[in-house]
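These notes are about the structure you will find just below.
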Amino acid sequence: MAETALSPLRHLPSVDRVLRQPDVAILIGKYGRAETTRAVREALAALRDEMKPGAVFDDAAISASVLAYLEARAEPRLKPLFNLTGTVLHTNLGRAVLAEEAIKAATVAMRNAVSLEFDLATGKRGERDDHVRALICELTGAEDATLVNNNAAAVLLALNTLAQGREAVVSRGELIEIGGAFRMPEIMARAGARLREVGTTNRTHPRDYADAMSPETGLILKVHTSNYRIEGFTAEVGARDLATLARQHNVPFVNDLGSGTLADLSRFGLRKEPTVREAVDEGADLITFSGDKLLGGPQAGFIVGRKDLIAAINRNPMKRALRVDKMRLAACEATLRLYRDPDRLAQRLPTMRFLARSMEDVRKQAIRLAPVLAAILEGSAVVEAASCSSQIGSGALPLDTIPSFGLVMRPKGGGRAVEALSAAFRRLPWPVIGRVAEGALVFDLRCLEDEGLFRENITSLRFEASS
Ligand SMILES: *Cc1c(COP(=O)(O)O)cnc(C)c1O
């Protein structure tokens, strides 16, 4: 059968021909031959699918479609964005934003060979923990320290090292779940420790712990109830008393602080969260805390405390599987160093800077930006500057909020329109993430620092309210 003159395929150029087009050849230089060829195939296939009989082809349209495909594939999946949720340490948005000092240190470590496990004084093998050990001990008053992948790993490793095949005694009021898969009873099971629950959900007394002590006891664990609070008729046993009890029974006392801060937050007008130094003073044998929560560093888990216990942890083969790499170690060291100068912490450490930012400063920014957004959303949404509440996030002072200011956007068309508006902001070159509350999209401006970038970014917003 002869092909008819109308067969549209006859008009489609070959892949090779498109690759020879000068504007496509340039793309090969930028994106590589394999990727560009793939893009040409995709572009031609898409054209073939939507082609109408008698259609004519335009080289420029084909190369534009090739370029669009290449650009879309070159976009990173892990995108930087504006966190205007009002949750300063948002786990889903990557928690702490690092200090410039930490970024520089990590960059140097990435670009170069480093003295990771090499002792420059002796020329012999060194230990990767050595680079931060002295600094952590200086800042916390602890005897020794080690560093692992995150605080979940720190807890797992401490339990496995000290209580494998034995009992870990915990209050029923502290059997926390921290989002996703971190549930204390399950971590304990995986660590090979048997959970020995004591007390009740709302009240645990010293005698509950004392009654649970036996030759089977591996350790006493206290867990900071970071993401909830039990109020009303409650009782818990303080760290100091648990330390005493543990000493009497010759078992270690481990205190999982969760966020665990190195600075006194009341300096920044926040309520006090237990500091690591206080936990050390209260007599815990080991303390675990996160690197990317209030500390404001990269993801990491710190274990500080008694030298002999840290040595046992370092001998555990699991330590090798949970250790941190040179980039994070460099970023940790640089972040910790900032704590030697508490007066400038609120300038240099983004987490502290966000938390310490005055309501007045945020309010002024909201008043500056409200008309800008109102102009962009003219006719589709009403925009106003209004007060709102930020929170720390990542399980620090869960019920405390920080007075803040933001932009409240009410699109015409109610609930669906709010979702559509949120989606439009998520499609921006730098997605802007807010929160939806009471039929409005709210941007809490506490964490907005690069206002210039924000202004430029929102000019590409495409949103039409459905009438
Ligand atoms: C956050 C938290 C953890 C887990 O820490 P990651 O650094 O997220 O692994 C464990 N325990 C407590 C009490 C926490 O608040």
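As the structure lists them, so they are numbered: ligands from 1, and atoms in each ligand from 1.
Ligand 1 has an N or O atom lying under 3.5 Å from an N or O atom of Arg95, backbone or side chain. The shortest N/O to N/O separation between Ala152 and ligand 1 falls below 3.5 Å. Note: no N/O pair closer than 3.5 Å links Asp292 and ligand 1 by distance alone.
Proximity of Lys293 to ligand 1 is established by a heavy-atom distance of less than 4.0 Å.
Between Tyr339 and the options Leu295, Thr140, Ile136, a side chain to side chain contact (heavy atoms under 4.5 Å, CB included) holds for only Leu295.
Close contacts of ligand 1 with Ser290, meaning ligand atoms under 4.0 Å from a residue heavy atom, involve 5 (O), 6 (P), 7 (O). The Ile176 neighbourhood of ligand 1 comprises atoms 12 (C), 13 (C), with distances under 4.0 Å to a heavy atom of that residue. Near His224, with a cut-off below 4.0 Å to any heavy atom, the atoms of ligand 1 are 13 (C).
At a heavy-atom distance under 4.0 Å, no atom of Gln299 approaches ligand 1.
The backbone N or O of Leu156 sits nowhere less than 3.5 Å from a side-chain atom of Arg190 that would complete a donor-acceptor pair. Under a 3.5 Å cut-off, the side chain of Asn160 and the backbone N or O of Ala191 do form a donor-acceptor pair.
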Which atom pairs, one a donor and one an acceptor, fall under 3.5 Å between side chains of residues 168-175 and the rest of the protein, sequence neighbours left out?
residue : atom : partner : partner atom : Å
Ser171  : OG   : Gly173  : N            : 3.0
Ser171  : OG   : Thr204  : OG1          : 2.8
Arg172  : NE   : Glu197  : OE1          : 2.9
Arg172  : NH1  : Gly199  : O            : 2.6
Glu174  : OE1  : Val223  : N            : 3.0
Glu174  : OE2  : Lys222  : NZ           : 2.8

Please tabulate, for side-chain N and O atoms in residues 103-116, each donor-acceptor pair with protein atoms closer than 3.5 Å (sequence neighbours left out).
residue : atom : partner : partner atom : Å
Thr107  : OG1  : Ile103  : O            : 2.6
Asn112  : ND2  : Val108  : O            : 2.9

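Between Phe425 and Phe443, the distance from one ring center to the other falls under 6.0 angstrom.
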